[in-house]
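For reference, the structure discussed in these notes is given below.
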Amino acid sequence: MISFLARFFIKDHKQVDSPIVRQSYGMLSGAFGIAFNIILVIFKMIAGVLSGSIAVFSDALNNLSDVTSSVVTLIFFKLSGRDADEEHPFGHGRLEYVAGLIVSLLIIIMAVELLNGSIMKIIHPEDVELSFVIVLILVVSIFIKFIMFASYLQTAKLIDSATIRSAAMDSLSDVLSTSIVLVSLIVFEVTKINVDGYAGIVVALFIFKTGIDAAKDTINPLLGEPPSREFLREIEKTVLAHECVLGVHDIVVHNYGPSRVMMSLHVEVPSDENLITIHDIIDEIEKELRQKYHCTAVIHMDPVDSSDSEAMAIKNWLTLNIEEIDPSIKFHDLRLVRKEGEKPIVEFDLEVPYRYKMADDELVKLLENRLKEIGDGYSYDITVDKKEK
């Protein structure tokens with residue numbers, strides 16, 4: 001539905017990599033949610049009055065909170081598109097994550113309120129009524145919420161938005177909760193067993209879980225999370241496609257909001273190549289990364305002297321031995337530093353997964369003991385860097 005509306009309300013709607021188009025999708029999703037949730041609130045309030053069911057009222061109030069969530073989504077997507085300024089040099093993109101966090105908190109608060117009301121309904125039960133109109137309203141509500149779920153999910157995948165994905169999961173939760181409400185009314189009509197309050201508790205728990213899951217999806221990018229492996233591989237592929245590039249490592253990606261990325265990386269280049277030529281190539285890579293990923297890229301050049309047979313021999317030895325210790329460990333930036341009157345220093349960085357089974361100093365000591373196999377004529381300077389598995 002949102003993708004269909006985008007054809008009429010969003011210019012260049014297919015250019016989802018554009019920050020402006022992405023922002024427009026977010027705002028359209030917010031307006032879409034406001035309109036449909038207001039309709040659902042009105043219908044369910046009518047059904048609640050007619051049935052006298054706390055579960056139906058709870059479901060209506062849940063949709064009212066969804067209206068507020070949609071308003072927050074619309075406003076914060078609008079604000080997140082503001083340009084960088086003196087106080088926020090990296091823009092306002094993270095406001096989208098703040099919006100998602102606010103939405104999740106509203107969902108959790110509503111769940112707690114609904115849980116309290118449902119418990120009171122168990123303590124003081126009241127008869128509920130069922131009619132064709134009530135059934136029709138609830139069935140139509142389930143159908144509308146499912147359409148909203150599918151629309152939000154499609155949009156979330158299209159623009160890769162945790163906030164819109166939270167709205168999708170909230171809509172799916174509403175589908176389940178409204179279905180439970182409908183079943184509880186049918187049970188009372190057939191058996192005269194009042195499970196209205198218990199159904200309200202189930203609805204509240206569904207809503208509470210949705211809020212917790214939504215909070216996790218937005219807190220992680222606010223705190224800072226690693227880029228996906230697919231994204232890292234894509235960056236490596238882009239960089240390695242350029243001439244004179246021997247390798248790439250130490251890719252660091254800072255996310256200041258969707259489509260607002262700053263990255264730094266190390267690129268290995270031949271040490272005997274003309275410096276100006278290498279500089280021009282690095283500039284070309286930075287420009288391509290900027291255009292392709294809407295990011296600011298900073299590249300550090302690591303010269304590699306392939307003519308240094310001694311260093312290359314140590315590198316080959318390290319490759320075999322580190323692979324033998326653990327294939328998940330990698331190394332880079334190998335240098336053989338020679339100073340007059342001193343032992344040559346073997347310098348390199350060791351990439352170790354987070355929460356590795358061995359402490360950093362133990363791993364370094366193990367590797368230094370193995371390095372003695374190539375002779376006592378070296379000293380070592382090993383730096384351990386943590387990385388995602």
Side-chain angles (χ1 to χ4, degrees), residues 1-3 5 16 22 25-41 44 55 58-77 80 94-115 138 141-182 199-223 225 228 257-258:
M1 179 67 77
I2 296 174
S3 296
L5 294 174
V16 292
R22 190 180 184 284
Y25 267 100
M27 294 174 63
L28 181 60
S29 298
F32 172 80
I34 292 171
F36 276 88
N37 280 310
I38 287 177
I39 293 171
L40 289 172
V41 169
K44 288 183 181 179
S58 297
D59 216 23
L61 290 175
N62 178 38
N63 289 138
L64 185 60
S65 75
D66 292 342
V67 174
T68 306
S69 299
S70 296
V71 171
V72 170
T73 299
L74 191 154
I75 293 174
F76 274 74
F77 258 100
S80 69
R94 282 186 176 174
L95 282 175
E96 180 182 334
Y97 303 142
V98 175
L101 185 58
I102 293 174
V103 168
S104 64
L105 291 176
L106 289 173
I107 293 171
I108 292 170
I109 291 171
M110 182 57 64
V112 173
E113 290 297 321
L114 297 183
L115 184 61
L138 294 181
S141 298
I142 292 170
F143 179 70
I144 290 175
K145 270 298 180 178
F146 187 81
I147 291 176
M148 294 179 69
F149 160 70
S151 300
Y152 280 140
L153 189 62
Q154 183 184 29
T155 305
K157 290 179 179 178
L158 191 65
I159 66 174
D160 190 23
S161 170
T163 301
I164 305 300
R165 191 176 296 110
S166 296
M169 299 316 297
D170 185 36
S171 296
L172 181 60
S173 175
D174 290 346
V175 170
L176 297 174
S177 62
T178 305
S179 299
I180 291 171
V181 169
L182 180 58
I201 289 178
V202 174
V203 171
L205 293 176
F206 267 122
I207 296 170
F208 184 79
K209 184 179 184 304
T210 300
I212 294 296
D213 292 341
K216 290 179 180 178
D217 287 340
T218 53
I219 288 175
N220 285 338
L222 277 173
L223 291 177
E225 59 183 355
S228 67

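Quick note: residue numbers are just sequence positions, from 1. Everything numeric in this text was worked out from a predicted model, so none of it was measured.
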Residues at least two apart in sequence or cross-chain that pass side chain to side chain donor-acceptor pair (under 3.5 Å) with Ser3, listed by chain then number, are Gln154
Heavy-atom check, side chain of Leu5 versus side chain of Phe32, under 4.5 Å
yes
Go through the steps for Leu158 and Arg22 under the test side-chain contact (heavy atoms from CB on, under 4.5 Å), then give the verdict.
CA-CA 9 Å; Leu158 191 65; Arg22 190 180 184 284; over 6 Å; no
side-chain contact (heavy atoms from CB on, under 4.5 Å) between Thr178 and Leu182, intermediate numbers included:
CA-CA 6 Å; Thr178 305; Leu182 180 58; 5.7 Å; no
Sole residue of Ile144, Val41, Asn63, Val67 in side-chain contact (heavy atoms from CB on, under 4.5 Å) with Phe36:
Ile144
So how far is it from Ser141 OG to Leu40 CG, rounded to the nearest 0.5 Å?
5.0 Å
Shortest non-hydrogen contact from Ser104 toward Gly211:
CB-O, 3.4 Å
If you define the side chain from C-beta out and look only at heavy atoms, does anything of Asp174 sit under 4.5 Å from Met148?
no
Specify the closest pair of heavy atoms between Ala31 and Leu74, including all atoms of both residues, with the distance to one decimal.
N-CD1, 3.6 Å
For residues Phe146 and Phe149, determine if any side-chain heavy atom of one lies less than 4.5 Å from a side-chain heavy atom of the other.
yes
Do Lys145 and Asp66 meet the salt-bridge criterion of a basic N to acidic O distance under 4.0 Å?
yes
Ser179 versus Val175, closest heavy-atom pair with distance
OG-O, 2.7 Å
For a quick test of reading the model, state the closest non-hydrogen atom pair linking Tyr152 to Ser70 and the distance between them.
OH-OG, 4.0 Å
Distance in Å, Ile212 CD1 paired with Leu105 CG, rounded so as to fall on 0.5 Å steps
9.0 Å
Could you tell me which non-hydrogen atom of Ser29 sits nearest to which non-hydrogen atom of Thr155, and how far apart they are?
OG-CG2, 3.6 Å
